[in-house]
Colleague: 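The structure that follows is given in the form of C-alpha coordinates.
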Amino acid sequence: MHELNDTIKPLQDWGMFDTFPVVISGPCSAETKEQVLATAKGLENKDKHVQIFRAGVWKPRTRPGSFEGVGVEALPWLTEVKKETGYLTCVEVATANHVYESLKHNVDILWLGARTTVNPFAVQEIADAIKGIDIPVMIKNPINPDFKLWLGAIERIAKSGIDRIAGIHRGFSSATSGRFRNAPMWAIPIEMKRTLPNMAMICDPSHICGKRDLLQDVSQTSLDLAFDGLMIEAHPDPEKAWSDAAQQVTPDNLMVMLDNLKLRDTETKETNMLEVFRSEIDSIDTEIMDALAKRISVVEKIAQHKKDKNLSILQMNRWEALLNEKIGLGQRMGLEADFIKKIYQEIHINSIKTQKAIITSKGDENS
Ligand code: PEP
Ligand code: MN
(Lines give C-alpha, C1' and ligand atoms only; values in the text may rest on other atoms or scores of the structure.)
(Ligands and ions follow the chains in the order given, each with its own letter.)
Protein backbone atom coordinates (compact mmCIF):
# COMPACT_ATOMS: atom_id res chain seq x y z
CA MET A 1 0.00 0.00 0.00
CA HIS A 2 1.19 3.52 -0.79
CA GLU A 3 1.47 6.25 1.89
CA LEU A 4 -0.86 8.37 -0.24
CA ASN A 5 -3.71 5.96 0.38
CA ASP A 6 -4.68 7.47 3.73
CA THR A 7 -5.09 10.92 2.18
CA ILE A 8 -7.58 9.68 -0.45
CA LYS A 9 -11.30 9.46 0.34
CA PRO A 10 -13.21 6.43 -0.94
CA LEU A 11 -16.13 7.31 -3.24
CA GLN A 12 -18.58 6.44 -0.44
CA ASP A 13 -17.20 9.36 1.60
CA TRP A 14 -17.37 12.01 -1.14
CA GLY A 15 -20.79 13.03 0.10
CA MET A 16 -22.14 13.01 -3.44
CA PHE A 17 -23.54 9.55 -4.16
CA ASP A 18 -25.84 7.11 -2.49
CA THR A 19 -25.94 4.36 -5.11
CA PHE A 20 -23.04 2.35 -6.46
CA PRO A 21 -21.50 1.66 -8.88
CA VAL A 22 -21.42 5.32 -9.91
CA VAL A 23 -22.33 5.93 -13.54
CA ILE A 24 -21.02 8.90 -15.50
CA SER A 25 -22.45 9.58 -18.93
CA GLY A 26 -22.82 12.29 -21.52
CA PRO A 27 -21.43 13.04 -24.96
CA CYS A 28 -17.78 12.79 -25.94
CA SER A 29 -17.99 16.47 -26.90
CA ALA A 30 -20.43 19.22 -26.11
CA GLU A 31 -21.42 20.22 -29.67
CA THR A 32 -24.47 22.44 -29.36
CA LYS A 33 -26.70 23.52 -26.50
CA GLU A 34 -29.54 21.41 -27.95
CA GLN A 35 -27.39 18.29 -28.22
CA VAL A 36 -26.10 18.67 -24.63
CA LEU A 37 -29.59 19.18 -23.19
CA ALA A 38 -31.13 16.41 -25.32
CA THR A 39 -28.50 13.97 -24.03
CA ALA A 40 -29.05 15.00 -20.42
CA LYS A 41 -32.85 14.74 -20.77
CA GLY A 42 -32.46 11.35 -22.43
CA LEU A 43 -30.44 10.06 -19.50
CA GLU A 44 -32.63 11.59 -16.82
CA ASN A 45 -34.74 9.79 -14.25
CA LYS A 46 -34.51 6.32 -15.70
CA ASP A 47 -34.18 4.52 -12.37
CA LYS A 48 -31.55 7.13 -11.54
CA HIS A 49 -28.80 5.11 -13.19
CA VAL A 50 -26.64 8.06 -14.15
CA GLN A 51 -25.31 10.32 -11.39
CA ILE A 52 -22.78 12.50 -13.23
CA PHE A 53 -23.08 14.23 -16.58
CA ARG A 54 -19.87 14.44 -18.62
CA ALA A 55 -19.07 16.45 -21.73
CA GLY A 56 -15.80 17.32 -23.41
CA VAL A 57 -15.51 21.08 -23.77
CA TRP A 58 -11.87 21.24 -24.87
CA LYS A 59 -11.01 18.20 -27.00
CA PRO A 60 -7.45 16.91 -27.35
CA ARG A 61 -7.45 15.72 -30.96
CA THR A 62 -4.71 13.74 -32.65
CA ARG A 63 -4.56 16.04 -35.69
CA PRO A 64 -5.34 19.72 -36.09
CA GLY A 65 -8.40 20.49 -38.14
CA SER A 66 -10.59 17.96 -36.32
CA PHE A 67 -13.29 19.38 -34.07
CA GLU A 68 -11.40 20.68 -31.02
CA GLY A 69 -14.39 21.40 -28.79
CA VAL A 70 -16.60 24.42 -28.38
CA GLY A 71 -14.59 25.79 -25.44
CA VAL A 72 -15.90 28.14 -22.70
CA GLU A 73 -19.07 28.80 -24.65
CA ALA A 74 -20.22 25.25 -23.75
CA LEU A 75 -19.81 25.70 -19.98
CA PRO A 76 -23.13 27.55 -19.46
CA TRP A 77 -24.86 24.59 -21.22
CA LEU A 78 -23.57 22.37 -18.42
CA THR A 79 -24.85 24.81 -15.81
CA GLU A 80 -28.21 24.46 -17.51
CA VAL A 81 -27.99 20.65 -17.37
CA LYS A 82 -27.42 20.96 -13.61
CA LYS A 83 -30.39 23.26 -13.23
CA GLU A 84 -32.72 21.17 -15.39
CA THR A 85 -31.76 17.67 -14.26
CA GLY A 86 -29.89 17.98 -10.96
CA TYR A 87 -26.93 16.06 -12.36
CA LEU A 88 -23.43 16.67 -11.11
CA THR A 89 -21.25 17.79 -14.02
CA CYS A 90 -17.72 16.89 -14.97
CA VAL A 91 -15.34 18.25 -17.58
CA GLU A 92 -11.88 17.38 -18.88
CA VAL A 93 -9.26 20.00 -18.02
CA ALA A 94 -5.84 20.12 -19.64
CA THR A 95 -4.54 23.59 -18.70
CA ALA A 96 -4.73 25.99 -15.74
CA ASN A 97 -7.09 28.14 -17.78
CA HIS A 98 -9.49 25.21 -18.27
CA VAL A 99 -9.49 24.79 -14.48
CA TYR A 100 -10.29 28.47 -13.83
CA GLU A 101 -13.06 28.54 -16.44
CA SER A 102 -14.61 25.30 -15.15
CA LEU A 103 -14.57 26.54 -11.55
CA LYS A 104 -16.06 29.87 -12.61
CA HIS A 105 -18.97 27.92 -14.15
CA ASN A 106 -19.45 25.67 -11.11
CA VAL A 107 -18.44 22.40 -12.73
CA ASP A 108 -18.64 19.80 -9.93
CA ILE A 109 -15.85 17.40 -10.87
CA LEU A 110 -12.74 17.78 -13.03
CA TRP A 111 -10.99 15.04 -14.94
CA LEU A 112 -7.56 14.75 -16.48
CA GLY A 113 -7.50 13.05 -19.89
CA ALA A 114 -5.06 10.36 -21.01
CA ARG A 115 -3.05 12.88 -23.04
CA THR A 116 -2.64 15.07 -19.98
CA THR A 117 -1.69 12.37 -17.46
CA VAL A 118 1.14 11.44 -19.80
CA ASN A 119 2.74 14.88 -19.33
CA PRO A 120 4.05 15.78 -15.85
CA PHE A 121 4.33 19.50 -16.76
CA ALA A 122 0.64 19.64 -17.69
CA VAL A 123 -0.38 17.67 -14.59
CA GLN A 124 1.68 19.99 -12.36
CA GLU A 125 0.13 23.06 -13.98
CA ILE A 126 -3.33 21.72 -13.15
CA ALA A 127 -2.25 20.66 -9.66
CA ASP A 128 -1.02 24.23 -9.02
CA ALA A 129 -4.25 25.71 -10.38
CA ILE A 130 -6.47 23.70 -8.02
CA LYS A 131 -4.31 24.10 -4.92
CA GLY A 132 -6.53 24.96 -1.96
CA ILE A 133 -9.77 24.25 -3.83
CA ASP A 134 -12.02 21.47 -2.60
CA ILE A 135 -13.10 19.74 -5.79
CA PRO A 136 -13.05 16.06 -6.80
CA VAL A 137 -10.58 15.14 -9.53
CA MET A 138 -10.63 12.00 -11.64
CA ILE A 139 -7.40 10.99 -13.32
CA LYS A 140 -7.41 8.87 -16.46
CA ASN A 141 -4.54 6.50 -17.06
CA PRO A 142 -1.83 7.78 -19.41
CA ILE A 143 -2.05 6.67 -23.04
CA ASN A 144 0.96 4.38 -22.63
CA PRO A 145 0.93 1.48 -20.17
CA ASP A 146 3.16 3.20 -17.61
CA PHE A 147 1.94 2.51 -14.09
CA LYS A 148 4.35 4.96 -12.46
CA LEU A 149 3.35 7.82 -14.74
CA TRP A 150 -0.27 7.32 -13.67
CA LEU A 151 0.69 7.08 -10.01
CA GLY A 152 2.86 10.20 -10.41
CA ALA A 153 -0.10 12.20 -11.73
CA ILE A 154 -2.23 11.03 -8.80
CA GLU A 155 0.55 12.06 -6.40
CA ARG A 156 0.83 15.54 -7.95
CA ILE A 157 -2.93 16.13 -7.61
CA ALA A 158 -3.00 14.71 -4.06
CA LYS A 159 -0.09 16.96 -3.03
CA SER A 160 -2.25 19.96 -3.92
CA GLY A 161 -4.58 18.98 -1.09
CA ILE A 162 -7.21 17.22 -3.20
CA ASP A 163 -8.60 14.26 -1.24
CA ARG A 164 -11.49 13.21 -3.46
CA ILE A 165 -9.53 11.48 -6.22
CA ALA A 166 -10.62 8.64 -8.49
CA GLY A 167 -8.77 6.81 -11.25
CA ILE A 168 -10.33 6.24 -14.66
CA HIS A 169 -9.19 3.24 -16.65
CA ARG A 170 -9.56 3.99 -20.38
CA GLY A 171 -7.19 1.38 -21.79
CA PHE A 172 -3.71 1.76 -23.23
CA SER A 173 -2.40 2.51 -26.67
CA SER A 174 -0.58 -0.48 -28.11
CA ALA A 175 1.25 -1.16 -31.36
CA THR A 176 -1.07 -4.01 -32.24
CA SER A 177 -4.57 -3.28 -33.41
CA GLY A 178 -6.73 -5.83 -31.64
CA ARG A 179 -10.48 -5.75 -31.09
CA PHE A 180 -10.04 -2.74 -28.88
CA ARG A 181 -9.20 0.88 -29.61
CA ASN A 182 -7.10 0.86 -26.43
CA ALA A 183 -5.98 -2.44 -24.91
CA PRO A 184 -7.55 -2.91 -21.47
CA MET A 185 -4.46 -4.45 -19.80
CA TRP A 186 -6.59 -5.03 -16.70
CA ALA A 187 -3.55 -5.93 -14.60
CA ILE A 188 -2.53 -2.23 -14.49
CA PRO A 189 -5.72 -0.74 -12.96
CA ILE A 190 -5.86 -3.72 -10.61
CA GLU A 191 -2.31 -3.02 -9.49
CA MET A 192 -3.40 0.61 -8.91
CA LYS A 193 -6.30 -0.61 -6.80
CA ARG A 194 -3.87 -2.74 -4.78
CA THR A 195 -1.53 0.25 -4.33
CA LEU A 196 -4.29 2.73 -3.44
CA PRO A 197 -7.23 0.70 -2.09
CA ASN A 198 -9.07 3.85 -0.99
CA MET A 199 -9.07 5.33 -4.49
CA ALA A 200 -12.16 4.51 -6.54
CA MET A 201 -11.49 3.03 -9.96
CA ILE A 202 -13.92 3.97 -12.72
CA CYS A 203 -13.89 2.07 -16.00
CA ASP A 204 -14.30 3.98 -19.28
CA PRO A 205 -15.38 1.21 -21.70
CA SER A 206 -16.06 3.77 -24.46
CA HIS A 207 -12.39 4.64 -25.00
CA ILE A 208 -11.25 1.05 -24.39
CA CYS A 209 -13.65 -0.36 -27.01
CA GLY A 210 -13.80 2.35 -29.65
CA LYS A 211 -16.99 0.72 -30.92
CA ARG A 212 -20.43 0.30 -29.41
CA ASP A 213 -20.84 -3.46 -29.71
CA LEU A 214 -18.04 -4.24 -27.25
CA LEU A 215 -19.26 -1.90 -24.49
CA GLN A 216 -21.53 -4.35 -22.67
CA ASP A 217 -18.85 -6.96 -22.36
CA VAL A 218 -16.11 -4.64 -21.14
CA SER A 219 -18.47 -2.92 -18.67
CA GLN A 220 -19.38 -6.31 -17.22
CA THR A 221 -15.73 -7.33 -16.95
CA SER A 222 -14.95 -4.14 -15.04
CA LEU A 223 -17.75 -4.82 -12.55
CA ASP A 224 -16.56 -8.41 -12.19
CA LEU A 225 -13.18 -6.97 -11.28
CA ALA A 226 -14.69 -4.81 -8.52
CA PHE A 227 -14.50 -1.44 -10.29
CA ASP A 228 -16.43 1.31 -8.52
CA GLY A 229 -18.06 2.97 -11.48
CA LEU A 230 -18.43 3.44 -15.22
CA MET A 231 -17.95 6.37 -17.58
CA ILE A 232 -19.77 5.72 -20.86
CA GLU A 233 -20.26 8.21 -23.69
CA ALA A 234 -23.82 8.84 -24.88
CA HIS A 235 -25.15 10.97 -27.73
CA PRO A 236 -28.69 11.51 -29.05
CA ASP A 237 -27.53 10.66 -32.59
CA PRO A 238 -24.22 8.79 -32.19
CA GLU A 239 -23.54 8.31 -35.91
CA LYS A 240 -23.54 12.07 -36.36
CA ALA A 241 -21.34 12.85 -33.34
CA TRP A 242 -18.54 15.33 -34.01
CA SER A 243 -16.03 13.11 -32.18
CA ASP A 244 -15.86 9.40 -31.28
CA ALA A 245 -18.99 8.56 -33.32
CA ALA A 246 -18.37 4.80 -33.46
CA GLN A 247 -18.24 4.33 -29.70
CA GLN A 248 -21.16 6.44 -28.50
CA VAL A 249 -24.62 5.05 -27.72
CA THR A 250 -28.04 6.66 -27.45
CA PRO A 251 -29.25 7.34 -23.90
CA ASP A 252 -31.92 4.64 -24.42
CA ASN A 253 -29.38 2.04 -25.43
CA LEU A 254 -27.23 2.99 -22.46
CA MET A 255 -30.16 2.28 -20.15
CA VAL A 256 -30.63 -1.16 -21.70
CA MET A 257 -26.92 -1.85 -21.24
CA LEU A 258 -26.95 -0.75 -17.62
CA ASP A 259 -30.05 -2.84 -16.91
CA ASN A 260 -28.29 -5.90 -18.28
CA LEU A 261 -25.21 -5.57 -16.08
CA LYS A 262 -24.87 -8.10 -13.30
CA LEU A 263 -23.53 -6.83 -10.02
CA ARG A 264 -21.38 -9.48 -8.38
CA ASP A 265 -20.83 -10.11 -4.70
CA THR A 266 -17.36 -9.72 -3.26
CA GLU A 267 -16.65 -13.42 -3.29
CA THR A 268 -17.27 -13.71 -7.02
CA LYS A 269 -15.13 -10.62 -7.60
CA GLU A 270 -12.16 -12.40 -6.02
CA THR A 271 -12.39 -15.45 -8.28
CA ASN A 272 -12.57 -13.29 -11.37
CA MET A 273 -8.82 -12.74 -11.45
CA LEU A 274 -9.15 -15.49 -14.03
CA GLU A 275 -10.73 -12.79 -16.21
CA VAL A 276 -7.59 -10.66 -15.88
CA PHE A 277 -5.30 -13.49 -16.93
CA ARG A 278 -7.60 -14.41 -19.81
CA SER A 279 -7.62 -10.87 -21.09
CA GLU A 280 -3.81 -10.80 -20.90
CA ILE A 281 -3.71 -13.99 -22.99
CA ASP A 282 -6.20 -12.38 -25.38
CA SER A 283 -3.96 -9.36 -25.93
CA ILE A 284 -0.90 -11.57 -26.41
CA ASP A 285 -2.79 -13.67 -28.99
CA THR A 286 -3.79 -10.47 -30.76
CA GLU A 287 -0.13 -9.43 -30.83
CA ILE A 288 0.87 -12.83 -32.26
CA MET A 289 -1.82 -12.59 -34.94
CA ASP A 290 -0.88 -9.02 -35.76
CA ALA A 291 2.80 -9.98 -36.06
CA LEU A 292 1.93 -12.88 -38.38
CA ALA A 293 -0.19 -10.63 -40.59
CA LYS A 294 2.62 -8.04 -40.73
CA ARG A 295 5.10 -10.81 -41.58
CA ILE A 296 2.94 -12.01 -44.47
CA SER A 297 2.68 -8.51 -45.87
CA VAL A 298 6.49 -8.28 -45.96
CA VAL A 299 6.63 -11.74 -47.57
CA GLU A 300 4.33 -10.40 -50.29
CA LYS A 301 6.73 -7.53 -50.95
CA ILE A 302 9.63 -10.01 -51.15
CA ALA A 303 7.66 -12.15 -53.62
CA GLN A 304 6.99 -9.15 -55.84
CA HIS A 305 10.67 -8.23 -55.71
CA LYS A 306 11.74 -11.81 -56.60
CA LYS A 307 9.27 -11.79 -59.47
CA ASP A 308 10.61 -8.51 -60.82
CA LYS A 309 14.25 -9.67 -60.51
CA ASN A 310 13.51 -13.21 -61.64
CA LEU A 311 14.91 -14.80 -58.45
CA SER A 312 13.99 -18.27 -57.13
CA ILE A 313 11.44 -18.56 -54.32
CA LEU A 314 13.33 -20.88 -52.00
CA GLN A 315 16.81 -19.80 -51.08
CA MET A 316 18.03 -22.74 -49.02
CA ASN A 317 20.94 -20.96 -47.30
CA ARG A 318 18.70 -18.19 -46.11
CA TRP A 319 16.13 -20.67 -44.75
CA GLU A 320 18.76 -22.75 -42.86
CA ALA A 321 20.27 -19.63 -41.32
CA LEU A 322 16.88 -18.22 -40.35
CA LEU A 323 15.74 -21.46 -38.70
CA ASN A 324 18.92 -21.81 -36.64
CA GLU A 325 18.81 -18.19 -35.61
CA LYS A 326 15.15 -18.48 -34.47
CA ILE A 327 15.82 -21.70 -32.55
CA GLY A 328 18.71 -19.99 -30.77
CA LEU A 329 16.62 -16.91 -30.01
CA GLY A 330 13.77 -19.05 -28.68
CA GLN A 331 16.11 -21.05 -26.48
CA ARG A 332 17.56 -17.90 -24.98
CA MET A 333 13.98 -17.00 -24.07
CA GLY A 334 13.35 -20.38 -22.45
CA LEU A 335 11.40 -21.90 -25.37
CA GLU A 336 12.03 -25.48 -26.50
CA ALA A 337 13.99 -25.91 -29.74
CA ASP A 338 11.53 -28.45 -31.11
CA PHE A 339 8.55 -26.14 -30.47
CA ILE A 340 10.20 -23.24 -32.30
CA LYS A 341 11.29 -25.50 -35.16
CA LYS A 342 7.73 -26.74 -35.72
CA ILE A 343 6.28 -23.23 -35.63
CA TYR A 344 8.87 -21.90 -38.09
CA GLN A 345 8.41 -24.82 -40.45
CA GLU A 346 4.70 -23.95 -40.67
CA ILE A 347 5.44 -20.24 -41.09
CA HIS A 348 7.95 -21.08 -43.82
CA ILE A 349 5.53 -23.35 -45.73
CA ASN A 350 2.93 -20.59 -45.60
CA SER A 351 5.48 -18.06 -46.80
CA ILE A 352 6.46 -20.19 -49.79
CA LYS A 353 2.79 -20.73 -50.66
CA THR A 354 2.15 -16.97 -50.50
CA GLN A 355 5.21 -16.23 -52.68
CA LYS A 356 4.29 -18.91 -55.22
CA ALA A 357 0.82 -17.48 -55.62
CA ILE A 358 2.26 -14.02 -56.33
CA ILE A 359 5.12 -15.12 -58.60
CA THR A 360 2.97 -17.42 -60.74
CA SER A 361 0.12 -14.94 -61.04
CA LYS A 362 -0.24 -13.64 -64.60
CA GLY A 363 -1.41 -10.09 -64.12
CA ASP A 364 0.94 -7.40 -62.94
CA GLU A 365 -0.77 -5.14 -60.39
CA ASN A 366 1.52 -2.31 -61.38
CA SER A 367 0.48 -2.27 -65.01
C1 PEP B 1 -12.79 11.67 -23.62
O2 PEP B 1 -13.13 11.29 -22.50
O3 PEP B 1 -13.58 12.04 -24.50
C4 PEP B 1 -11.35 11.59 -23.97
C5 PEP B 1 -10.77 12.43 -24.80
O6 PEP B 1 -10.79 10.54 -23.39
P7 PEP B 1 -9.25 10.06 -23.24
O8 PEP B 1 -8.53 11.14 -22.52
O9 PEP B 1 -9.43 8.81 -22.44
O10 PEP B 1 -8.74 9.78 -24.63
MN1 MN C 1 -14.36 10.61 -26.42
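Throughout, numbering of the chain's residues begins at 1 and tracks the sequence. Start at 1 and go down the list; that is how both ligands and their atoms are numbered. Values below: every heavy atom of this structure, side chains too, minus hydrogens, waters and symmetry copies. On a predicted model such as this, the values are computed, not experimentally measured, just so you know.
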Colleague: Looking at Asp244, which of its N, O or S atoms is the nearest one to the Mn ion (ligand 2)?
Modeller: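 Of the nitrogen, oxygen and sulfur atoms in Asp244, the Mn ion (ligand 2) lies nearest to OD2.
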Colleague: Only one of Ser25, Cys90, Pro136 forms a side-chain contact (heavy atoms from CB on, under 4.5 Å) with Ile52, so which one is it?
Modeller: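 Running side-chain contact (heavy atoms from CB on, under 4.5 Å) over Ser25, Cys90, Pro136 with Ile52 returns exactly one hit, Cys90.
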Colleague: Can you say whether the rings of Trp242 and Phe67 are parallel (under 30°), tilted (30 to 60°) or perpendicular (over 60°)?
Modeller: perpendicular
Colleague: Check each of His169, Lys140, Arg170 against Met231 using the side-chain contact (heavy atoms from CB on, under 4.5 Å) test, and report the only one that passes.
Modeller: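 For Met231, the side-chain contact (heavy atoms from CB on, under 4.5 Å) test succeeds with only one of His169, Lys140, Arg170, which is Lys140.
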Colleague: Give the atom name of whichever N/O/S atom in Glu233 sits closest to the Mn ion (ligand 2).
Modeller: OE2
Colleague: Give the ring-plane orientation class for Trp58 versus His98, where under 30° counts as parallel, over 60° as perpendicular and anything between as tilted.
Modeller: parallel
Colleague: Under a strict 4.0 Å criterion on non-hydrogen atoms, which protein residues are in contact with ligand 1?
Modeller: Cys28, Arg54, Lys59, Glu92, Trp111, Gly113, Ala114, Arg115, Lys140, Arg170, His207, Glu233
Colleague: Would you call Lys83 and Glu80 a salt bridge, using N to O less than 4.0 angstrom?
Modeller: no
Colleague: Drop me the distance from Ile154's CD1 to Leu4's CG, to the nearest 0.5 angstrom.
Modeller: 8.0 Å
Colleague: How many angstroms lie between atom OH of Tyr87 and atom CZ of Arg54, to the nearest 0.5 angstrom?
Modeller: 14.5 Å
